[in-house]
Visitor: 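Okay, here's the structure, questions in a sec.
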Number of protein chains: 2
Amino acid sequence: MAEVNIKYLAEKLKLSPSTVSRALNDSYEISQPTKDRVIAMAKELNYQPNPFARSLREQKSKTIAVIIPERINNFFSQVIDGIEEITQEYGYHLLVYSTHENVETERKIVSYLLNGRVDAIVMSVSSQTKKIDHLETVYSKGVPLIFFDRICQEIPTTKFISNDYENGFKATVHLIEKGCKKIFFLMLSKEISIGRERFRGYQDALKKYGLPYEENWIVQCSQSEEENIKLIARILYGLDRPDGILASVEKLAIATYHAARETRLEMPKDFKMVSFSNMKIAGLLKPSLTTISQPAFEIGSEMAKLLMKKLTKPNQPAFENKVIQMPSQIDFRESSN
Amino acid sequence: MAEVNIKYLAEKLKLSPSTVSRALNDSYEISQPTKDRVIAMAKELNYQPNPFARSLREQKSKTIAVIIPERINNFFSQVIDGIEEITQEYGYHLLVYSTHENVETERKIVSYLLNGRVDAIVMSVSSQTKKIDHLETVYSKGVPLIFFDRICQEIPTTKFISNDYENGFKATVHLIEKGCKKIFFLMLSKEISIGRERFRGYQDALKKYGLPYEENWIVQCSQSEEENIKLIARILYGLDRPDGILASVEKLAIATYHAARETRLEMPKDFKMVSFSNMKIAGLLKPSLTTISQPAFEIGSEMAKLLMKKLTKPNQPAFENKVIQMPSQIDFRESSN
DNA sequence: CTGTTAGCGCCTTCAC
DNA sequence: GTGAAGGCGCTAACAG
């Protein structure tokens, strides 16, 4: 690699490596003139400290990892953006991993991170994740850990979510007030915490308004977009069709539009849909999509701020076992057409 | 940190650290029984090698960095996804940085990476980037470097782009064939290589079909979404309005739709637009947006494959100074309405 | 086949 | 105010 290192700087300056190191770290024991000389030389030779030597010595990496289930998703992209903004501000580095909704991959990724590679982990668990011993290992090793969105309740650490129950409730009420009487719920996976919360809100809203609901109004979708489109198309144009839909995640709302398009039919005229979604252009669709968008960027930056505080200040306590609910933004604007 | 390390394993096994190390690395010098013992113990104690010690020793990090101008962009997200898929396959790690279109940030990020933190860099330059000494430094230090999308021509390394000139041409021809006679070009920045190429295609298509074009048909947009929307709204409903628009980047197409929406007007009825865009749902808009989408995921994975090949095989030559054009996918489907 | 030693680059305790 | 020495955890040369 033939990099310029402290030893080399020391030779050039006719000083010892330890003096150079101290000067660069602005130690009080070094005279100002020496500091100036060292810093000037370091700049001239474009000296950059070797991060691995430093990490090895200091037992910390100034790096955090974020693990998400899938990348092509506006929500996760925005969360990462929020995290990155803060880590950059603090001079931290950000490793990104995607599990592709696969627990085995998740286990592997987590194991890579267990020997000090990162100072903290931020993650949203894969929808398949049931056995959580790998997450318990992380926690027990004392690696600061924050969950968001798809959280793992069992691990007693801080979790960031949005007020999913409340929003599921409000979304359903909105549809009811628009006159819907037969509201279907598009669900991605029973395992996902957010899906369950939103679903509870949906159920309770129906109960409160005295509306019935039937088992088959809960549409179990899969990870396959194609299959979802087929499934939803059958439902949209079937005999027992809904007059309203609550899509529990963005991809299912999109699938619904595609279902309408690919079957060469228009969306049913009297039809209303609300979706949890971070699509910036949902309002541009026709009929426009009412969205409940999670404060993704803010969730990312708040998590990162919390982490940075913990990592950069001495003697911070472990994260509390609490759930922080960030309020979602509900866009109930009417479609202009 | 109190981690289990090789020394500790060695004590437990009553072996020397070097034997343990060799056993774990499956060295031919170690007997099978010893290997088995060591591996079993390592597994039992959940041993994970310290990545920094290894990187320090080996002078390589098994990490690559990707630097992009902005995250909230479908194209870049998809590229990162493509890269990540391959790096994960090879057991590499991926650091992600965003410059927010700021050259100073770009310089800072690059400088962090210069002392071995990463084995290679994949980047798309910020739109402001004119002085390129920081990029030359990277190149001269011998860090494998690949540019994509917004490339830096001056550095003699491998670059990945899509066939922008050709697509600018085809898009314009498409509009002409649809009967447009007054086609405006929405441009983001004169500094961006892809913008220039697409613009050349546009110009040549107009020339070839003997259509005039005027200076003020080239709409210079900015990084500010608000301002872009205002600017485009003025143009869309002005006296000298276009009958067709070629948007050189996705965000400008979206701005156009917003401009139409916010002015509470419909898009002009006879109006056609083509945009370079990786929005999956462009076809769901009304009027649906004709898109030229870059093979983002493939660009990411191809770049990563090239890098992995170079990094994992011995004695690979430096990257050739060549531009690899990945064909875009043009969706000229007619809007179903 | 296994053990001893040295060094990757950095920081820090201890000496002067 | 500065220098010398040791060690973070790992691997590879050198011994045996």
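Protein chains get the first letters and strands the later ones, always in sequence-line order, with residue 1 at the start of each.
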Visitor: Does the side chain of B:Tyr8 get closer than 4.0 angstrom to OP1 or OP2 of D:dC8 through an N or O atom?
Guide: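 Answer no for this pair, as no side-chain N or O of B:Tyr8 is under 4.0 Å from OP1 or OP2.
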Visitor: Please report the distance, rounded to the nearest Å, between CD in B:Gln59 and P in C:dG7.
Guide: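 B:Gln59 atom CD is separated from C:dG7 atom P by 15 Å.
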Visitor: Test of understanding: with side chain to side chain donor-acceptor pair (under 3.5 Å), list the residues that count as partners of A:Asn74, not counting sequence neighbours.
Guide: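 Only A:Glu250 meet the side chain to side chain donor-acceptor pair (under 3.5 Å) criterion with A:Asn74.
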Visitor: Tell me which nucleotide among C:dT2, C:dC8, C:dC10 gets nearest to the side chain of B:Ile30.
Guide: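 Nearest to the side chain of B:Ile30 among the choices is C:dT2.
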Visitor: For D:dC10, does either OP1 or OP2 sit under 4.0 Å from a side-chain N or O belonging to B:Tyr47?
Guide: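 For D:dC10, OP1 or OP2 has a side-chain N or O of B:Tyr47 closer than 4.0 Å.
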Visitor: Tell me which pairs pass side chain to side chain donor-acceptor pair (under 3.5 Å) where either residue lies in residues 38-55 of chain B, with sequence neighbours left out.
Guide: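 Not a single pair qualifies under side chain to side chain donor-acceptor pair (under 3.5 Å).
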Visitor: Without decimals, in angstroms, what is the distance between A:Leu15 CG and C:dC10 C1'?
Guide: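 In whole Å, C:dC10 C1' and A:Leu15 CG are 17 Å from each other.
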Visitor: How many Å lie between CG on B:Asn50 and C1' on D:dG7, as a whole number?
Guide: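 Atom CG in B:Asn50 sits about 13 Å away from atom C1' in D:dG7.
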Visitor: Can you measure A:Leu56 atom CG to D:dC10 atom P for me and round it to whole angstrom units?
Guide: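 Spelled out: CG on A:Leu56 to P on D:dC10 is 9 Å.
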Visitor: Whether A:Gln48 contacts C:dG9 is assessed here as follows: a side-chain N or O lying under 4.0 Å from the phosphate OP1 or OP2. Is that the case?
Guide: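 No.
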Visitor: Is any side-chain nitrogen or oxygen of B:Ser55 closer than 4.0 Å to OP1 or OP2 of D:dC10?
Guide: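 Result: no.
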Visitor: To the nearest Å, how far apart are A:Lys7 NZ and C:dC8 C1'?
Guide: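 Result: 10 Å.
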Visitor: Roughly how many Å is it from CG in A:Leu9 to P in C:dG9, rounded to a whole number?
Guide: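 After rounding, the reported distance stands at 12 Å.
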Visitor: OP1 or OP2 of D:dG1 versus the side-chain N and O atoms of A:Gln32: is any pair under 4.0 Å?
Guide: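 No, because none of the side-chain N or O atoms of A:Gln32 sits under 4.0 Å from OP1 or OP2 of D:dG1.
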Visitor: Any cation-pi pair here, A:Lys310 with A:Phe319, using under 6.0 Å and within 45°?
Guide: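 Relative to the ring axis of A:Phe319, which defines the angle, A:Lys310 lies inside both limits.
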Visitor: Whole angstroms only, please: what is the CZ-P distance between A:Arg37 and D:dG1?
Guide: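 So the CZ-P distance, A:Arg37 to D:dG1, works out to 15 Å.
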Visitor: Output yes when B:Lys62 and B:Asp119 qualify as a salt bridge under the 4.0 Å nitrogen-oxygen rule, no when they do not.
Guide: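 Salt bridge: no.
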Visitor: Of B:Glu29 and A:Ile6, whose nearest nucleotide on DNA chain C comes first from the 5' end?
Guide: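 Of the two residues, B:Glu29 wins.
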Visitor: Side chains of A:Ser16 and A:Thr19: donor-acceptor distance under 3.5 Å anywhere?
Guide: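 Yes - a donor-acceptor pair under 3.5 Å links their side chains.
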Visitor: For B:Phe148 and B:Phe75, take the angle between the two ring planes, folded into 0 to 90°, and tell me which bin it lands in: parallel under 30, tilted 30 to 60, perpendicular over 60.
Guide: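 B:Phe148 and B:Phe75: tilted rings.
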Visitor: Could you tell me whether B:Glu106 and B:Lys131 have a side-chain N and a carboxylate O separated by less than 4.0 Å?
Guide: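 Looking at B:Glu106 and B:Lys131, the cut-off is not met.
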Visitor: Residues of residues 16-27 of chain A with any non-hydrogen atom less than 4.0 angstrom from an atom of DNA chain C: list those, numerically ordered, please.
Guide: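 Output list: A:Ser18, A:Ser21, A:Arg22, A:Asn25.
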Visitor: Is there a side-chain polar atom (N or O) of A:Asn5 under 4.0 Å from OP1 or OP2 of C:dG9?
Guide: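 Result: yes.
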Visitor: Between C:dG9 atom C1' and B:Arg54 atom CZ, what is the distance in whole Å?
Guide: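 Checked: the CZ to C1' distance equals 18 Å.
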